[in-house]
Protein chains: 2
Amino acid sequence: MKYITIKDIAKQLNTSVSTVSRAFNDKADINPETKALVLKTAKALGYRPNPIAKKLMQQRSFTIGIIVPEFINAFFPEVIIGVQEILFENGYQVLIAQSSECFETELKNIKTLEDSMVDGLIVSLSSESNNTDYYQNLIASGFPIVLFNRVNNQLNCSKVVFNDYKWAFFATEHLINQGCKNIVHLKGRDGVSLTNERLRGFLDAHQKYQLSYNKNQIVATGFTLADGQKAAQNIIDSGNIPDAIFGANDPVTIGAMQVFKKNGFSIPNDIAFVGFTDSQMATIIEPPLTSVSQPAREIGEEAAKILIEQIETKKGFQPKSITLNGQLNIRASSLKITSLK
Amino acid sequence: MKYITIKDIAKQLNTSVSTVSRAFNDKADINPETKALVLKTAKALGYRPNPIAKKLMQQRSFTIGIIVPEFINAFFPEVIIGVQEILFENGYQVLIAQSSECFETELKNIKTLEDSMVDGLIVSLSSESNNTDYYQNLIASGFPIVLFNRVNNQLNCSKVVFNDYKWAFFATEHLINQGCKNIVHLKGRDGVSLTNERLRGFLDAHQKYQLSYNKNQIVATGFTLADGQKAAQNIIDSGNIPDAIFGANDPVTIGAMQVFKKNGFSIPNDIAFVGFTDSQMATIIEPPLTSVSQPAREIGEEAAKILIEQIETKKGFQPKSITLNGQLNIRASSLKITSLK
DNA sequence: ATAATTTTCGGTAACGTTCTCGAAAGATTT
DNA sequence: AAATCTTTCGAGAACGTTACCGAAAATTAT
């Protein structure tokens, strides 16, 4: 399988490779007529530019890497779709790696992607990423990085995040408005900023309504169904049953719901539930789960746009931070007030 | 940011680039001592081979493309994980594209991937892929392609599929054993082989138990929750209520379940359900859905292995077909017999 | 000791682009 | 008419690697 090269086109037209190259790259110093001629015969010959040669010459891979903790739940795949959409349009390729919530794997992924000479990275930190040294060095060296969703505020790079504080506040406020007075927050792992932000929203909502709370209402868990189940069992065993649970994400919340249901609690009457990062599962569980939905695709798009901007800005790029908003999808799991009918 | 090249190493050691290159490529014609020396100083200098130059020289991109219909549901992401695992180990990169069940997008993806000079493709056909001309040409030209999951048997290339026939048979048999006599099959779109295979299993199970059936028991749908909901509504409207439903996949089956539940039917007593391609959703819906689980990761791994083999076999590669098996996860949605307790 | 082989290596040409430089031709100014 | 500027183009280097060929050195065979 022999490929057509610009050399072949040049030979065919009795011109030089320089001219042919110029025709494809919108250079000013070429006669419009010759340019048209070149493009025409290139098409006739079935020419396809060799991206690898271009990459070698321009010392850029036109490839970026994206690292996510997992992509089994729908959120990260949707972000990736957003990222790819923007980057494809701009002639970039995307390499996807998953850290499986493991910091070592994350680091290995970064090195692999560096070996592939990616022009930049889009990363959502694993829940274990406490050591930021490697990132610090990368960023200090000017390497383009955009963090999203799970960021670390000590890192001086661009960030695209969801307004976790605000929507955790709204979610909690919603439960308070339903008459809940003893709400437990199943918070995610420490070390990622969203955990703190959502907790802060949860606490501030209490403050606003002058609702007291104690430390038993804040339970550290992980991000999986099993984590939620375990946490719920602990709560039930403790005998101190809350009237609502606000989970760090949907899997955790749904896991908790399952355990409470199995133990004979009625939802939402005995105990109400609100999740985070709306999912298809939320609409399927019985009763359907109230949850904060995030604009996953948009998060990906914004991250991609910023990354391209940084890559294509030679010097003096200033990190940008974008905060996006979502909505609270209220469903039966949190609706105690059925008066309006 | 200046990269170290083999030239720098050669200069440092007063040797030639050829020798340095030999050291990295396990060539026979190099003295083990000089090889060790080269590797040592390379490490000391922080040398990283430039993969792009290698690609240009070897006229191979060490990149493969994978095209999936979607990756919101967990199945395809898991396949992709399997694919990546094998390919990374072997020094390949993976570009991921999704067709969104649209044939035109699929074709566009292929062309984009061809422009990226991928060394091969792993594809699960979109449900609209009826025209196989483009694939025929690619395969005829010797381009390495492995189809999986949704294949087309007219194409003479390697295939990795699930034993849809066998497990559809088992799933149906399970329902028959539960005493169901009027089972409706919500089949997927025509044109992809798995639809025919699953239907065949469904029918043969009837045959084995000499259970008659009519054409109303075979309902054409799509692969989404909404498709299942619509199909269920149609069935209810028709007034002819079956005692079981066997769906083409979990979303369709769950969609149907929701509608039947809403209309007051008791599951599994009034009507039993069995899905396909086990999902997290299946364990969350009430009652939990019996479903056939597929070894998604293994499917990806096998597809990747075959693709590498084809890429690295110069001539005379013969297409391979692999059929994998799974298991029937029996849950409450299909358990009418509660005698054993 | 000479010839034949093996081992080890250096020089250089590729791979397909883009980039830099300078030159020829044409157009414009003085 | 000479001088200057603009437009257009070609030659060749460069990007970093591997492939190929031949030569020197070391080893073995005659």
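It should be emphasised that the depicted structure is a prediction, and the values quoted were computed from it without experimental measurement. Quick note on labels: first sequence line is chain A, next is B, and so on, each numbered from 1.
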Separation of atom CZ in Phe24(B) from atom P in dT18(D), rounded to whole Å: 9 Å
Nearest-Å distance for atom pair CG/C1', residues Asp26(B) and dT18(D): 14 Å
Value in whole Å for how far the C1' atom of dG16(D) lies from CE of Met57(B): 11 Å
Euclidean distance, atom NZ of residue Lys27(B) to atom P of dT7(C) [Å, nearest integer]: 16 Å
Test item: side-chain donor near acceptor, Tyr134(A) and Glu106(A), under 3.5 Å: no
Asn25(B) vs dT18(D): side-chain N/O to OP1/OP2 distance below 4.0 Å: yes
Sugar-phosphate, base or nothing in reach of Asp29(A), heavy atoms under 4.0 Å: base
Sidechain N-carboxylate O distance under 4.0 Å for Glu85(B), Arg297(B): yes
Residue closer to the 5' end of DNA chain C, Pro32(B) versus Ser21(A) (nearest nucleotide): Pro32(B)
Value in whole Å for how far the P atom of dT8(D) lies from CG of Asn31(A): 5 Å
side-chain contact (heavy atoms from CB on, under 4.5 Å) assessment of Thr63(A) paired with Asp119(A): CA-CA 6 Å; Thr63(A) 300; Asp119(A) 295 333; 5.7 Å; no
Touch class at under 4.0 angstrom, heavy-atom based, for Leu56(B) against every strand present: base
Rounded interatomic separation in angstrom, taking NZ from Lys54(B) and C1' from dC15(D): 18 Å
Phosphate contact (dG16(D) OP1 or OP2) by Gln59(A) side-chain N/O below 4.0 Å: yes
Residue whose nearest DNA chain C nucleotide is more 5′ - Val17(B) or Arg48(A): Val17(B)
Distance-only donor-acceptor test (3.5 Å): side chain Thr19(B), base dG10(C): no
Tyr47(A)-Phe24(A) aromatic ring centre distance below 6.0 Å: yes
Sidechain N-carboxylate O distance under 4.0 Å for Glu309(A), Lys320(A): yes
Test: Lys159(A) and Glu302(A) ion pair at under 4.0 Å: no
Sugar-phosphate only, base, or nothing, as touched by Pro51(B) at under 4.0 Å among non-hydrogen atoms: nothing
Side-chain N or O of Tyr47(B) closer than 4.0 Å to phosphate OP1/OP2 of dT17(D): yes
Short side-chain N/O contact from Gln58(A) to OP1 or OP2 of dC19(C), under 4.0 Å: yes
OP1 or OP2 of dC9(C) under 4.0 Å from side-chain N/O of Thr34(B): yes
Sugar-phosphate only, base, or nothing, as touched by Ile6(A) at under 4.0 Å among non-hydrogen atoms: base
Value in whole Å for how far the P atom of dA13(C) lies from NZ of Lys7(A): 12 Å
Below 4.0 Å: OP1/OP2 of dG16(D) and any side-chain N or O of Thr5(B): no
Between dT18(C) (C1') and Arg22(A) (CZ): distance, integer Å: 10 Å
